[in-house]
Amino acid sequence: MEMNKVHILDHPLLQHKVSILRDENTGVKDFREIVSEIASLMCYEATRDLPLEEVEIKTPVAVAKVKVLAGKKLAIVPILRAGLGMVDGIVTLIPSVKVGHIGLYRDPNTLQPVEYYCKMPNDIAEREVIVLDPMLATGGSASAAITFLKNYGCKNIKLMNILAAPVGVERVIADHPDVDIYCAALDETLNDHGYIVPGLGDAGDRIFGTK
Ligand code: PRP
Ligand code: URA
């Protein structure tokens, strides 16, 4: 059986930027920009295993055999709302990436994910998919989104979160042992409301300025 790999991406630039997100004094403009920058830096690592192929080109000096991406089809799937904040940072590096959207919100009482929107590229089943959500708390939303994609026929799925709680990582490992997880920090715990501690608060509210 395939086993998850959990990648904690602790590059100094990522650690510095995550610290700015955590600060309650960081305003909506900076928060948004930094979420996007973090997504770019994480994308760099999460695409490290993309296959290359050799082609022949002519430089101004000589004929050369060079490597280019082997044309593997990629898609990103942000979990609405907060996952939207990570889209631009990835599109900057992979301009042709297709984007599917899945709308899930967490019921504040039961903490269970509730689906309210879905629009995927037609050929999503043939694509390698990176699911985006800044927060992996109980893991309910991420696990539901991955189940959803598997029901669409997706076989090659990665999960990218900025902050994760241990219980959320364990939930995804248990439900989806084939999915690799990329996160920039693994926090201590969840509080009674299901918020990551120390965390950064409500990611959607801080990206969209709704609080
Ligand atoms: C947040 C976050 C995740 C989810 C994580 O979304 O963006 O989707 O909670 O929690 P979980 O791991 O316990 O499921 P929220 O429900 O606040 O919706 P929003 O993005 O629309 O604000
Ligand atoms: N969703 C958030 O936005 N923040 C948390 O800490 C947990 C879930």
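Just so you know, ligand 1 is whichever comes first in the structure, and atom 1 is the first atom listed for that ligand.
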* Asked: Are any of the N/O atoms in Gly204 less than 3.5 Å from those in ligand 2?
  -> no
* Of all the non-hydrogen atoms in the protein, which one sits nearest to atom 4 (C) of ligand 1, and at what distance? -> Ser141 OG, 3.6 Å
* Asked: Out of Lys98, Lys158, Lys73, which residue meets the salt bridge (Lys or Arg N to Asp or Glu O under 4.0 Å) rule with Glu128?
  -> Lys158
* Right, does atom 6 (O) of ligand 1 have protein non-hydrogen atoms nearer than 4.0 Å? -> no
* Asked: Should Asp133 and Arg81 count as an ion pair when the cut-off is N to O under 4.0 Å?
  -> no
* Asn151 atom CG, neighbour heavy-atom count above 12 within 6.0 Å -> yes
* Asked: In ligand 2, which numbered atoms sit nearer than 4.0 Å to a non-hydrogen atom of Met135?
  -> 2 (C), 3 (O), 4 (N), 5 (C), 6 (O)
* Taking all atoms of both residues into account, what is the closest heavy-atom pair of Ile79 and Ala145, and its distance? -> CD1-CB, 3.7 Å
* Is Gly168 near ligand 1, meaning one of its heavy atoms is under 4.0 Å from it? -> no
* Nearest-neighbour protein heavy atom for atom 19 (P) of ligand 1, which is reported as residue plus atom name and distance -> Arg81 NE, 3.6 Å
* Asked: Can you say whether the rings of His7 and Tyr182 are parallel (under 30°), tilted (30 to 60°) or perpendicular (over 60°)?
  -> parallel
* Asked: Is Ala82 in polar range of ligand 1, meaning some N or O pair under 3.5 Å apart?
  -> yes
* Asked: For atom 7 (C) of ligand 2, which candidate among Gly194, Ala165, Pro134, Gly140 provides the closest heavy atom?
  -> Gly194
* Asked: Which of the atoms in ligand 2, numbered in the order shown and given with their element, are less than 4.0 Å from a heavy-atom of Ala137?
  -> 7 (C), 8 (C)
* Asked: In the protein, which heavy atom is nearest to atom 16 (O) of ligand 1, and how far is it?
  -> Arg106 N, 2.8 Å
* **N-O pairing of Arg171 and Asp175 below 4.0 Å** => yes
* Gly199 heavy atom under 4.0 Å from ligand 2 -> no
* Structure fact -> Under 4.0 Å from one or more heavy atoms of Tyr105, ligand 1 contributes atoms 16 (O)
* **Ile8 CD1 to Glu45 CD distance, which is reported to the nearest 0.5 Å** => 12.5 Å
* To do: Taking all heavy atoms of Met42 and all of Leu14, pick out the closest pair and write down the distance.
  => CG-CD2, 4.0 Å
* Asked: Starting from atom 17 (O) of ligand 1, which protein heavy atom do you reach first, and at what distance in Å?
  -> Asp202 OD2, 4.0 Å
* Side chain or backbone of Ala137 under 4.0 Å from ligand 1, or both, or neither, by non-hydrogen atoms? -> both
* Does Leu41 reach the side chain of His11, with side-chain heavy atoms less than 4.5 Å apart? -> no
* N/O of Thr138 under 3.5 Å from N/O of ligand 1, yes or no? -> yes
* Asked: How far is atom 2 (C) of ligand 1 from its nearest protein heavy atom, and which residue and atom name does that atom have?
  -> Asp133 OD1, 3.4 Å
* Structure fact -> Note: Ala82 and Ala203 closest approach over all heavy atoms is CB-CB, 4.0 Å
* **Test of proximity, Gly204 against ligand 1: N or O pairs below 3.5 Å** => no
* Asked: Are any of the N/O atoms in Ala203 less than 3.5 Å from those in ligand 2?
  -> yes
* To do: State the CG-OH distance between Leu190 and Tyr195, to the nearest 0.5 angstrom.
  => 11.5 Å
* Rounded to the nearest 0.5 Å, how far does CD1 of Ile34 lie from NZ of Lys29? -> 9.0 Å
* Asked: Is the number of heavy atoms from other residues, nucleotides or ligands within 6.0 Å of NZ (Lys150) greater than 12?
  -> yes
* Asked: Can you tell me the protein heavy atom closest to atom 6 (O) of ligand 2 and the distance?
  -> Ile196 N, 2.8 Å
* Asked: Tell me, which protein residue and heavy-atom name are nearest atom 5 (C) of ligand 2, and how many Å apart are they?
  -> Tyr195 CD2, 3.4 Å
* Quick one: does Gly201 get within less than 4.0 Å of ligand 2, heavy atoms only? -> yes
* Asked: Taking the non-hydrogen atoms of Arg106, is any one of them nearer than 4.0 angstrom to ligand 2?
  -> yes
